[in-house]
Structure formats: structure tokens, C-alpha cells
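Starting from 1, each residue takes its place in the sequence as its number. Because only heavy atoms are used, hydrogens play no part in the values below, and waters and symmetry mates are left out as well, while side chains stay in.
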Amino acid sequence: MPSLATLLDGVHLPAALTPIVADGIEPNDSYLCLHTSTANPEVGLGLADELERLGYEVMGISENEAVAQRGADTVSMRIDAQPAETSVAGIRRYPDAKHGDVVVGVVGAGPRPTA
């Protein structure tokens, strides 16, 4: 299965999106968490445009979620428009996020190898 880095090869991240590397939020071969303090939730539209430029077909799933497919490869995105308020079990998920920031979680899945 191709890594998320391979699936996103050539993408130009819009709105000054940068990866988050923090306790419990580590990029890996299938997950990447991006953050911006310079854009509103419409940053997802810019990211969708970039994926379309790379040959993906992007489909909105909900107001804050989308899935992009290119052949057997899939990239899904989830936007958190209020990351400063997001918590899990009472612990802030994004402790450095400020009001007005936006976080985008990106998950990639390629085709499963056949035997």
C-alpha cells in the first residue's frame, strides 16, 4: 500500500497549512494532521482543488469531511474548524491551537496488495 506521502506527492498545501507534530499527533505512513492560523474552514476547498489537480475525484461527505479517489487510491480529509475547543476525555486535543485556527486531518489508503 502506498504511503500518504506518495499519495500526496506534488501537492501544494494551501493557506499556509503545516504538519502538526505534538504529543499524540505524529505523522505516519497513513495519517497527517495539518494546521493553519491564516485561513477559515474553506481551506478544505483549496486542498480539494489541489487533490483534483493531482488527478483525484473529490466528493464531499459532510460539511467538514471529504473523500478523494484516484484509481484504487483514497485520501480522506476531516476539517476541525474549532480545534482550540476540541478535547478528548477532557484533555485538549490541540493544546497550541487558538481561536480562529483550522486543523485538517488527512488519512490515506491505497490498494491492498494481492496475493
Side-chain angles (χ1 to χ4, degrees):
M1 177 165 50
S3 69
L4 182 56
T6 300
L7 296 174
L8 296 178
D9 187 36
V11 73
H12 300 287
L13 295 175
L17 280 168
T18 57
I20 294 176
V21 179
D23 192 26
I25 307 172
E26 296 280 335
N28 61 47
D29 284 347
S30 62
Y31 177 74
L32 177 62
C33 190
L34 302 165
H35 167 265
T36 184
S37 59
T38 63
N40 55 30
E42 282 74 33
V43 68
L45 296 175
L47 191 52
D49 288 346
E50 272 298 298
L51 290 171
E52 287 177 342
R53 184 182 65 78
L54 296 177
Y56 286 90
E57 184 177 330
V58 181
M59 179 178 64
I61 301 297
S62 70
E63 192 173 289
N64 64 338
E65 295 177 292
V67 173
Q69 291 190 300
R70 180 178 64 192
D73 297 330
T74 302
V75 174
S76 61
M77 303 171 286
R78 185 176 188 287
I79 297 170
D80 186 338
Q82 298 178 331
E85 299 170 14
T86 301
S87 64
V88 176
I91 299 170
R92 286 186 60 193
R93 175 85 169 124
Y94 310 105
D96 295 332
K98 297 171 184 52
H99 290 282
D101 290 2
V102 176
V103 168
V104 181
V106 182
V107 177
R112 301 265 180 226
T114 56

Kindly give the heavy-atom pair with the smallest separation between [X] and [Y], and that separation in Å.
| X | Y | answer |
| --- | --- | --- |
| C33 | V103 | SG-CG1, 3.4 Å |
| E26 | Y31 | O-CD2, 4.1 Å |
| V11 | R53 | CA-NH2, 4.1 Å |
| A84 | K98 | CB-C, 3.7 Å |
| L7 | G108 | CD1-CA, 3.7 Å |
| R93 | P95 | O-CD, 3.4 Å |

CG on L8 to CG on L13, rounded to 0.5 Å
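Those atoms lie 8.0 Å apart.
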
Gap between atom CD of E57 and atom CD of E52 - 0.5 Å precision
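CD of E57 is found 8.5 Å from CD of E52.
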
Please check: side-chain N/O of R78 versus main-chain N/O of N64, any donor-acceptor pairing under 3.5 Å?
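Here the side-chain-to-backbone pair does not exist.
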
When clusters are formed by joining ILVMFWY residues with side-chain heavy atoms under 4.5 Å apart, either directly or through shared neighbours, do V107 and I79 land in the same one?
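No; I79 is not reachable from V107 via cluster members.
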
If Ile, Leu, Val, Met, Phe, Trp and Tyr residues are connected whenever their side-chain heavy atoms lie under 4.5 Å apart, and connections chain through other members, are I20 and V102 in the same group?
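Cluster IDs for I20 and V102 differ.
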
Given side chains that start at C-beta, do those of D96 and H35 come closer than 4.5 Å, heavy atoms only?
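The answer is no; the side chains never approach within 4.5 Å.
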
Do D101 and Y94 have side chains that get closer than 4.5 Å, going by heavy atoms?
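With C-beta onward as the side chain, the pair stays apart.
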
Show which side-chain atoms of residues 40-49 pair as donor or acceptor with protein atoms under 3.5 Å away, not counting sequence neighbours.
{"from": "N40", "atom 1": "OD1", "to": "E42", "atom 2": "N", "distance (Å)": "3.0"}
{"from": "N40", "atom 1": "ND2", "to": "E42", "atom 2": "OE1", "distance (Å)": "3.2"}

Reference residue L17; test side chain to side chain contact (heavy atoms under 4.5 Å, CB included); the match among L32, T38, L34:
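Looking at L32, T38, L34, the match for L17 under the side chain to side chain contact (heavy atoms under 4.5 Å, CB included) is L34.
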
Carefully, step by step, assess V75 and V106 under the rule side-chain contact (heavy atoms from CB on, under 4.5 Å).
CA-CA 7 Å; V75 174; V106 182; 3.5 Å; yes

